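Throughout, protein chains are lettered first and strands after them, A, B, ... in sequence-line order, and every chain is numbered starting at 1. All of these numbers come straight from a predicted model, not from anything done at the bench.
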There are 2 protein chains.
Amino acid sequence: MGERNIGRHTRAKRPPLSRDMVVAAAIALADEAGETGVSMRAIAARLGVQAMSLYNHVSSREDVLDGMVDSVFGEIDLPASTTDWREAMRDRAASVRAALQRHHWAVGLMDSRRRPGPATLRHHDAVLGALRAGGFSVAMAVHAFTVIDSYLYGFVLQELSLPFTGPVEFGEVAEGIARDLPADAYPNLTEVLTEYTRRPDYDYASEFDLGLSMILNALQPDEA
Amino acid sequence: MGERNIGRHTRAKRPPLSRDMVVAAAIALADEAGETGVSMRAIAARLGVQAMSLYNHVSSREDVLDGMVDSVFGEIDLPASTTDWREAMRDRAASVRAALQRHHWAVGLMDSRRRPGPATLRHHDAVLGALRAGGFSVAMAVHAFTVIDSYLYGFVLQELSLPFTGPVEFGEVAEGIARDLPADAYPNLTEVLTEYTRRPDYDYASEFDLGLSMILNALQPDEA
DNA sequence: ACCTGAACACCGTTCAAGT
DNA sequence: ACCTGAACACCGTTCAAGT
C-alpha cells in the first residue's frame, strides 16, 4: 500500500529549497487561507517536502512572517522625491492600500515586525526622503509620517475587517444589522443604518481620499 | 500515583462556570501572555476545569474573543453629548488609548469582530451621539468617526508594536539600530536615527495629541 | 444541567539519523 | 549540504458517557 515516488528523485531532482521559495509559498498560502492557514506543515506540503526541511532555510515561523511582510513592502511603489510631496504621499498611500487589498493578512503585521527587512527599510527611507525634499525638517517629517501612516493603516484595518466590499452589499448588510438591533437602545446607530439602507452610496475609496486629503492639507513643511 | 482530589467535590463545590467567568479568565491570560497564550486548555486550567467544559458556556474560541473585545469596550468611558464635541472626542480617544495600553492584545481585534456585543454597540452609539449633538449631519458624523478612529487605532497599533516605551529607551534603541544599518544605503533613516539619538525627546503622548488636534481642527460640523 | 475521558486531526520545533 | 522519521509538548473541537 502507498506508492513509492520513484520519479521525483531519479528524474526531476527538485531544485533545492531557498528562503525566498519558503516565503513565496507562505504568501500564496496566506492569500488563499489567511494567516491561520500558514503553518510550517502546510508550507512544506506545498513545496513537496517535510516540515522539518524548512528549518534549513528559515529559523522559525516568525522568521517566515518577517519575510512575508518584507515581500509585501517590496510590492509597494516608492514615493519619488522629485514631485510635489502631497502627490507623492497620495500615490504611496494608494499603493499601500492596493498591496494590502491583495494581501489581507498583512494589515496587522506590517508595523509589528521587530526585524525590518531591506524592502521595509528602503520604503521608510524613501518616504522620509520625499518629505525632506518637500521642505520638512527631520522632526516634522517624522511627525507627518506618523500621522499619515496612522490614518492609512487604521483606515485599511477597518475597511478590510468589515463584511462587505461595495456600496450595494453595504446597504444589504446595514439592513440586516438594523433589523436585529433593539431600535430604541441605540438610536444614533439605528439612524445611521436606516440612512444608509435608504441611500446606499457609501464608497470606501472616496471616503479614504477625503480623510487623506484633510490630513495632507493640514500638514505643512516648516518655513525656512 | 497521582492524588485524588477529594476536597474539591465534597467541601468547596466550585460555583458553576459562566460565560463571563470564561471571558474574564481569558482576558487575564491575554494580559499576561498575549493573544497566543489564550488557548481553551489554558483558560480551563485557570478555572480548575477541563477544556471541554468551556463549551457549555461559549460556542468556540472565536466566541471567547468576541466576549473579550466587548469587555474592553466596556472599560472605555462613553463620550458625553453635553460638552464640546472636540473635547468629548479627545477624552474618548484618551480612554481608548488607555484601555489598549492595559490590553495590548486587543488593538488588532477591536475593529475585526463580526458580532459586536452590547458594550461595543453602546460605545459606537455614544460616539455618533456626541457628534450629532455637536451639529454634524449623519453623513458627516460617519465621516468624522471614520477619520478619528482610523488615526486612533493606527497610531496605537504602531505605538504598541515598537520595542520601547519611553524617550530614554527610544534613544538607546535608535542608537542600536543606527549602528547595524548600512549608513549610505538609507540616508534619511540614518539621519532620523542619529538626530533622535542625540536628542531623545520623542514623546508618544504629545505626538498623539498633536496629530489628533490636527484632525479635530480640520473637522467641522455642517453649517445649518 | 454541567462536567469529563477519550479521541481526532491538527500545531511548532528538536534531534539524531540518513544520503 | 540538505532532507527525513520519530518524538515531544502542544492546539480546537466532537461525542458518548458519567453525575
Which whole-number value in Å describes the distance from [X] [atom1] to [N] [atom2]?
{"X": "A:I43", "N": "C:dC11", "atom1": "CD1", "atom2": "P", "value": "11 Å"}
{"X": "B:Q50", "N": "C:dA7", "atom1": "CD", "atom2": "P", "value": "15 Å"}
{"X": "B:L54", "N": "D:dT14", "atom1": "CG", "atom2": "C1'", "value": "14 Å"}

What residues 55-71 of chain A contributes to the DNA chain C interface at heavy-atom separation below 4.0 Å is A:Y55, A:S60, A:R61
B:A139 meets the side-chain contact (heavy atoms from CB on, under 4.5 Å) criterion, sequence neighbours left out, with A:Y196, B:S137
- request: Name all residues meeting the side-chain contact (heavy atoms from CB on, under 4.5 Å) criterion together with A:L157; count only those two or more places apart in sequence or in a different chain, and write none if there are none.
  value: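 A:L157: side-chain contact (heavy atoms from CB on, under 4.5 Å) contacts with A:V107.
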Using the 3.5 Å cut-off, write out each protein N or O paired with an N or O of nucleotides 8-10 of chain D and the distance between them.
none

**Prompt:** Do the side chain of B:S95 and the main chain of B:D91 share a donor and acceptor less than 3.5 angstrom apart?
**Reply:**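 Pair absent, no side-chain N/O of B:S95 close to backbone of B:D91.
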Any salt bridge linking A:D149 with A:R92? Criterion: basic side-chain nitrogen under 4.0 Å from a carboxylate oxygen.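 Judged by the 4.0 Å cut-off on N to carboxylate O distance, A:D149 and A:R92 do form a salt bridge.
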SB check B:D63 B:R19 (cutoff 4.0 Å):
yes
- Do B:Y186 and A:H124 have their ring centres less than 6.0 Å from each other? no
Practice task
Compute whether any side-chain donor of one residue and acceptor of the other, for B:S150 and A:Q158, lie under 3.5 angstrom apart.
Solution key: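 Yes, a side-chain donor-acceptor pair sits under 3.5 Å.
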Handout entry: P spacing across the pair C:dC10 / D:dA9, given as an integer number of angstrom
Key =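 So the two P atoms sit 22 Å from each other.
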### Distance, C1' atom - from D:dC2 to C:dA17, rounded to whole angstrom
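That atom pair is separated by 13 Å.
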pair [X]-[Y]: side-chain heavy atoms closer than 4.5 Å:
{"X": "A:T120", "Y": "A:R113", "value": "no"}
{"X": "A:M68", "Y": "A:H103", "value": "no"}
{"X": "B:D66", "Y": "B:R114", "value": "no"}

Margin query: Once you measure the plane-to-plane angle for B:F73 and B:H123, does it fall in the parallel (<30°), tilted (30-60°) or perpendicular (>60°) bin?
Written below: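 The rings of B:F73 and B:H123 sit tilted, inter-plane angle from 30° to 60°.
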- prompt: Please walk me through it: do A:T146 and B:F208 pass side chain to side chain contact (heavy atoms under 4.5 Å, CB included)?
  reply: CA-CA 9 Å; A:T146 302; B:F208 177 72; over 6 Å; no
Identify the stems formed by DNA chain C, where each pair is Watson-Crick or G-U wobble with both distances under 3.5 angstrom and a stem is at least 3 consecutive pairs.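 Paired runs of 3+ in DNA chain C: C:4-8 with D:12-16, C:12-16 with D:4-8.
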Quick one: which protein N/O atoms are closer than 3.5 Å to N/O atoms of nucleotides 15-19 of chain C? Pair and distance per line, please.
none

* Asked: Has A:R115 got more than 12 heavy atoms of other residues, nucleotides or ligands less than 6.0 Å from its CZ?
  -> no
Given D:dT13, C:dG5, C:dC3, the nucleotide with the shortest approach to the side chain of B:M40: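 In terms of side-chain proximity for B:M40, the closest of D:dT13, C:dG5, C:dC3 is D:dT13.
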